[in-house]
Engineer: 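Below are the structure tokens for one structure; questions will follow.
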Amino acid sequence: MSIGSHPSLVLLAALATSCVFGYRGAVPFAGEGSLAGIDTVVIDLPATELELIGSPDALDVTWQGRFVALGAGPKGALASAERLDLDWETWERIGRLRATSPVDVESISELEQVHVGSASTLAHEIAGEGSVFVSGIDAFLAIDWISGSVEVLGGLEEIRVELGSGSVDLRTAAAVVVNSGGGPVDLELDDPRSTWVDADGPVDIAVASDVDLAIDIADAGVIVVDLDGAAHVGSGSFRRTLGDGSRILRVRAGGGRVDLRSLDAATDSTDTSTDTGTTG
């Protein structure tokens with residue numbers, strides 16, 4: 001794992017390379033900004049654990065979390081952490097939330113975690129690394145993540161994920177585009193109207209309906225298809241048009257295994273409960 005793949009490792013590296021930084025200061029923060037006149041919310045953050053929750057009634061973007069910094073003493077560490085902040089800036093119909101930090105504390109500080117609340121009806125574009133969890137964003141969502149984990153629940157329009165390396169886990173009714181440089185991709189699609197996956201790793205897709213699917217799987221290792229309208233076990237590639245083929249499902253797995261199955265079957269396979277009761 002690279003240092004950049006987890007925010008806390010940055011501080012550990014700084015602590016290990018110099019005995020000057022022997023103390024750790026943590027400072028909580030919170031803020032808000034108006035969403036009036038905004039169409040797109042941009043969140044541009046350093047390595048962190050980010051949680052973004054959308055609400056249909058939100059009129060403001062809100063944020064809260066914690067900054068951490070190292071120092072030679074407890075007061076110095078705390079003073080460095082207090083110099084860190086998140087800024088909300090707007091330009092025309094775009095609002096941007098970004099971290100600001102003085103140059104002299106960048107290498108000894110981190111945005112440990114942040115929770116953002118926003119409007120579910122606005123488009124969101126997120127950039128960073130670490131871990132990101134998104135729920136309740138119905139409009140267009142784009143996530144450009146260097147490394148780590150990406151998890152999304154919900155969505156109605158389109159979700160685009162660009163991930164250098166790590167895991168992708170989407171549970172959505174939106175159209176999906178995923179490009180992943182390495183790691184598992186796990187999709188549960190309530191409405192598989194357009195699905196494009198380009199990954200170097202295993203891909204598991206469960207669809208609520210296979211009606212009118214145009215299935216195009218290639219560059220795969222093992223392929224297992226278990227749908228109402230198609231079943232297949234093989235390797236390499238698999239193509240099948242169901243109905244009028246109006247719903248594209250295209251996968252390139254870079255030699256990884258591809259599983260394509262119905263959502264009901266995926267749900268049933270995870271139910272391991274047993275009935276041990278008796279009647280008499």
Side-chain angles (χ1 to χ4, degrees), residues 3-15 18 20-38 40-55 57-91 94-120 122-137 141-153:
I3 288 176
S5 64
H6 196 287
S8 63
L9 294 182
V10 176
L11 293 188
L12 290 176
L15 188 61
S18 176
V20 174
F21 304 115
Y23 293 86
R24 184 175 183 269
V27 175
F29 63 86
E32 64 178 32
S34 174
L35 291 172
I38 297 298
T40 302
V41 175
V42 177
I43 302 174
D44 188 1
L45 300 176
T48 190
E49 295 181 3
L50 168 63
E51 182 181 58
L52 169 62
I53 306 298
S55 169
D57 302 321
L59 300 177
D60 299 307
V61 58
T62 61
W63 58 89
Q64 59 182 3
R66 186 164 65 177
F67 283 109
V68 175
L70 300 178
K75 289 184 179 180
L78 194 61
S80 292
E82 288 174 341
R83 296 172 66 194
L84 307 169
D85 202 1
L86 292 188
D87 281 350
W88 174 250
E89 54 191 16
T90 61
W91 180 75
I94 299 173
R96 183 187 183 203
L97 182 66
R98 65 183 183 93
T100 59
S101 59
V103 175
D104 60 320
V105 298
E106 280 186 357
S107 63
I108 57 169
S109 64
E110 70 174 18
L111 175 56
E112 189 174 61
Q113 59 186 37
V114 59
H115 172 96
V116 178
S118 188
S120 59
L122 298 181
H124 285 74
E125 299 177 2
I126 304 171
E129 65 177 310
S131 66
V132 55
F133 172 80
V134 180
S135 178
I137 300 299
L141 172 65
I143 300 175
D144 189 352
W145 217 239
I146 297 172
S147 63
S149 63
V150 174
E151 182 178 0
V152 180
L153 298 180

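Computation of the quantities below employed the complete heavy-atom set of this structure, encompassing side-chain atoms and omitting hydrogens, waters and symmetry-equivalent molecules.
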Engineer: Only counting residues at least two apart or in another chain, list the ones meeting side-chain contact (heavy atoms from CB on, under 4.5 Å) with Val116.
Structural biologist: Ile43, Leu50, Leu52, Val61, Trp63, Leu97, Val114

Engineer: Within this structure, what is the CZ-CD distance for the pair Phe67 and Glu112, rounded to the nearest 0.5 Å?
Structural biologist: 11.0 Å

Engineer: Compare every heavy atom of Ser118 with every heavy atom of His124, then report the nearest pair and how far apart it is.
Structural biologist: NE2-OG, 2.8 Å

Engineer: On a heavy-atom basis, which atom in Ala26 and which in Val68 lie closest, and how many Å separate them?
Structural biologist: CB-CG2, 4.0 Å

Engineer: Minimum heavy-atom separation for Ile38 and Thr40, please, with both atom names.
Structural biologist: CG2-O, 3.3 Å

Engineer: Locate the shortest heavy-atom distance separating Pro46 from Ala99; write the atom from each residue and the value.
Structural biologist: CD-CB, 3.5 Å

Engineer: Using 0.5 Å steps for rounding, measure from the CG atom of Leu111 to the CD atom of Glu49.
Structural biologist: 10.0 Å

Engineer: If you round to the nearest 0.5 Å, how far is CG of Leu70 from OH of Tyr23?
Structural biologist: 12.5 Å

Engineer: With a 4.5 Å cut-off on side-chain heavy atoms, are Trp88 and Thr62 touching?
Structural biologist: no

Engineer: Is any side-chain heavy atom of Ser135 less than 4.5 Å from a side-chain heavy atom of Phe133?
Structural biologist: yes

Engineer: Using the side chain to side chain contact (heavy atoms under 4.5 Å, CB included) rule, take Trp91 and Val42 through it: C-alpha gap first, then chi angles, then the decisive distance, then the call.
Structural biologist: CA-CA 11 Å; Trp91 180 75; Val42 177; over 6 Å; no

Engineer: Does some side-chain heavy atom of Leu35 sit less than 4.5 Å from a side-chain heavy atom of Leu59?
Structural biologist: no

Engineer: For Gln64 and His115, does a side-chain donor sit closer than 3.5 Å to a side-chain acceptor?
Structural biologist: no

Engineer: With Arg96, which residues qualify under salt bridge (charged side-chain N to carboxylate O under 4.0 Å, His left out), at least two apart?
Structural biologist: Asp44, Glu89

Engineer: Indicate yes or no: at least one non-hydrogen side-chain atom of Leu45 is less than 4.5 angstrom from one of Ile126.
Structural biologist: no

Engineer: Taking atom CG of Leu122 and atom CG of Leu141, what is their separation to the nearest 0.5 Å?
Structural biologist: 12.0 Å

